[in-house]
Amino acid sequence: MCAINGIFYKRHYMNNSIFSFPTPANEPVKSYLAGSPERIAIDAELKRQSKTVIEIPLIIGGKEVKTGNMGNVVEPHNHKHVLARYHKASEKEVKMAVDAALAAHKMWAETPWTTRAAILLKAADLIAGKYRALINASCMLGQSKNMFQAEIDSACELIDFLRYNAAYASEIYAMQPKCAAGQLNSMEYRPLEGFILAVTPFNFTSIASNLNMTPVLMGNTTVWKPSTTALLSNYYIMKVFMEAGLPAGVVNFVPGPGSVIGKVACASPDLAGIHFTGSTATFKGLWKTVGMNIDKYKTYPRLVGETGGKDFIFVHKSADPEVVANAAFCGAFEFAGQKCSAASRMYCPKSLWPKVLKGMKERCAKVKVGDVTDPENFVNAVIDEPSFDNIAKAIAYAKRSKDAEVVIGGQCDKSVGYFIQPTVILAKKPNFKTMEEELFGPVLTVYVYDDKDLDKTLELCDTTSPYGLTGSVFGQDRLACDYITDKLRYCAGNFYINDKPTGAVVGLQPFGGSRASGTNDKAGSAFNLLRWVTTRAIKETLVPPVNWKYTYMK
Ligand code: NAD
């Protein structure tokens, strides 16, 4: 027997089937054409959510917890518009969440993995169906994504993570050692001992779900620190998990200040792992805190983090400039450049630059920037005021500098929403500040190199920034692309040939980078699931020996 919230469940239900979930198809991206059922549904939902101010509590051990210490969730594109009021956790509630996660651990670890998968697959179906408009509209309004960007994130990618992970788990559990004569061997994939701290970013609702649900599928329980600027969609997905049948305490939703939550959770001797996506600085801070506490822990915490990037496009002289202009435009400016994979630096040969610039100027002249509810707007707001100020400061710096020139855009206006026009900076020096540092906005910096300096420029691309997340090479000379791909081997965990460096799809391009970009545990692949189990090898001897002598001693 085992108790959850005082209710006793009979355990050891044995389903003796050897079950495997097939590899799913990726969730189709809906078109949202005017008059389509999905468009009618999302328009209605946007109207409804725009008129409501909801209250977001903490959810600990399956129960709503209200602290009365409140904050606002606003629309980045209309920052006076409040969408929700949320309760902030203090140290006390973080400790409660840790206790709740630990209390649910045994029950969840002993729940058959197929039952765990069934709950996650149900959540995927609920989001693919009746909650698609609700979740997408909350992502649009709360995180300032247009319809398409919300659809590929909070619907498709989120659903894909849930469905693919069931298939990956099937493969992992089926990985078993050989049984030699007279012995039985097996590998048991145990969840980690303790709880997982899931710290999630603002920019992808799918990642917020996945950082919890991957460990959860493998039998772990989590304390979830959602991003304050993604709370609306994150709260709704938490509700969907519960409706799908996730038992109390398996995921504990704790909005509030990161510093408090990180400090308290990392001080627990039962911290078994951190599943993080966000900035390099925050992850390094968490890693240091874990280091300081290392003597306290019952087990070495697994640290899995996907962090910042300074993603590049490297153009070979054989490239088609029109293709490059389009990829640079989409790669740098979609979702206002706030994808971790967004193109933010480009190396372009002198012979092609005039045509590439012309192509980008033509596109930027047509692009509209504004509110997410107007489908004409390709670019929406950046997430909040600190982010806006940081980007505006970098653009102002480039305008003042003799080492750079703003050749496209550069206008910033935060009077209504945090709007930044798609901006291209031409750097006269390859180490200009915006060629090196991550800038989470619609800003691309370009360094134009002499066509004959290919090797020197490849070296620059490799060494200019500390990151190693995504990168692209463009060229019609396929052998030259191979050469560049080889030279830039460690520059990116996700590398593209003749494609923009964004848009990885679950199951097709497992995602993650190394160097300062993370531990490269590849979200959307079995590699990531393996971080959330600790294996036990079991050998059974069928007829144990009784004779201790070596054969030659007889
Ligand atoms: P962030 O680091 O500001 O915040 C991430 C999360 O950490 C948030 O929930 C935040 O509240 C929390 N946090 C902040 N300080 C904390 C602390 N001291 N202890 C515990 N938690 C704390 O990042 P962000 O602005 O939400 O996201 C943008 C960043 O994420 C960019 O750098 C981007 O490149 C990166 N990112 C990377 C990937 C990837 O796969 N590599 C994917 C998405 C985003």
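Whatever order the structure lists ligands and atoms in, that order sets their numbers, starting from 1.
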Is it the case that the ring center of F378 lies less than 6.0 angstrom away from the ring center of F329?
yes
Per-atom filter on ligand 1: closer than 4.0 angstrom to a heavy atom of P226 are 9 (O)
Any N/O pair T280/ligand 1 closer than 3.5 Å:
no
Among protein heavy atoms, which sits nearest to atom 32 (O) of ligand 1, and what does the distance come to when rounded to 0.1 Å?
E438 OE1, 2.8 Å
Is A281 touching ligand 1 with its side chain, its backbone, both, or neither, if touching means heavy atoms under 4.0 Å apart?
neither
Distance to 0.1 Å, residue and atom name: give those for the protein heavy atom nearest to atom 36 (N) of ligand 1.
C340 CB, 3.4 Å
Heavy-atom proximity to atom 3 (O) of ligand 1, picking from A523, G305, S279, points to S279
Check the orientation of F253 and W224. Use parallel for under 30°, tilted for 30 to 60°, and perpendicular for over 60°.
perpendicular
In the protein, what heavy atom is nearest to atom 18 (N) of ligand 1, and what distance, to one decimal place, separates them?
S259 CA, 3.6 Å
Any heavy atom of F204 under 4.0 Å from ligand 1? The part involved is neither
Say whether E93 and H87, considering side chains only, have a donor N or O and an acceptor N or O under 3.5 Å apart.
no
Polar contact flag for T200 and ligand 1 (N/O pairs, less than 3.5 Å)
yes
Cationic tip of K145 within the cone over F204's six-membered ring, i.e. under 6.0 Å and within 45° of the normal?
yes
Considering T519, T282, T289, which one's heavy-atom position lies nearest to atom 22 (C) of ligand 1?
T282
Shortest heavy-atom approach to atom 44 (C) of ligand 1 - which of D384, N203, L231:
N203
Would you please say whether a donor-acceptor pair under 3.5 Å links the side chains of N136 and Y32?
yes
Donor-acceptor pair between S344 and D311 side chains, under 3.5 angstrom:
no
Does only the side chain of I207 get under 4.0 Å from ligand 1, or the backbone, or both, or neither? Count heavy atoms.
side chain
Ligand 1 contact on T307 by region, counting heavy-atom pairs under 4.0 Å
backbone
Strictly below 4.0 Å, N to O, side chains only: are D389 and K414 in salt-bridge contact?
yes
Using a distance-only test with no angle check, is there a side-chain donor-acceptor pair under 3.5 angstrom linking E75 and S144?
no
Under a 4.0 angstrom heavy-atom cut-off, which atoms of ligand 1 come close to S227?
9 (O)
Without swapping roles, check the side chain of D384 against the backbone of S387 for a donor-acceptor pair under 3.5 Å.
yes
Does K225, backbone or side chain, put an N or O under 3.5 Å from an N or O of ligand 1?
yes
Determine, using heavy atoms of T228 and all atoms of ligand 1, whether some pair is separated by less than 4.0 Å.
no
Counting heavy atoms under 4.0 Å, the part of F440 that contacts ligand 1 is side chain
Backbone or side chain, does any N or O of F276 fall under 3.5 Å from an N or O of ligand 1?
no
State yes or no: are the ring centers of F195 and H105 separated by less than 6.0 Å?
no
What part of L469, side chain from CB on, backbone N/CA/C/O, both or neither, has a heavy atom under 4.0 Å from ligand 1?
side chain
Do R345 and Y347 have a side chain donor and acceptor closer than 3.5 Å?
yes
Please confirm whether the ring centroid of F312 lies under 6.0 Å from the ring centroid of Y496.
no
Within-cut-off N or O pair, G278 and ligand 1, under 3.5 Å:
yes
For ligand 1 and G258, I'd like to know whether there is a polar contact (N/O to N/O, distance under 3.5 Å).
yes
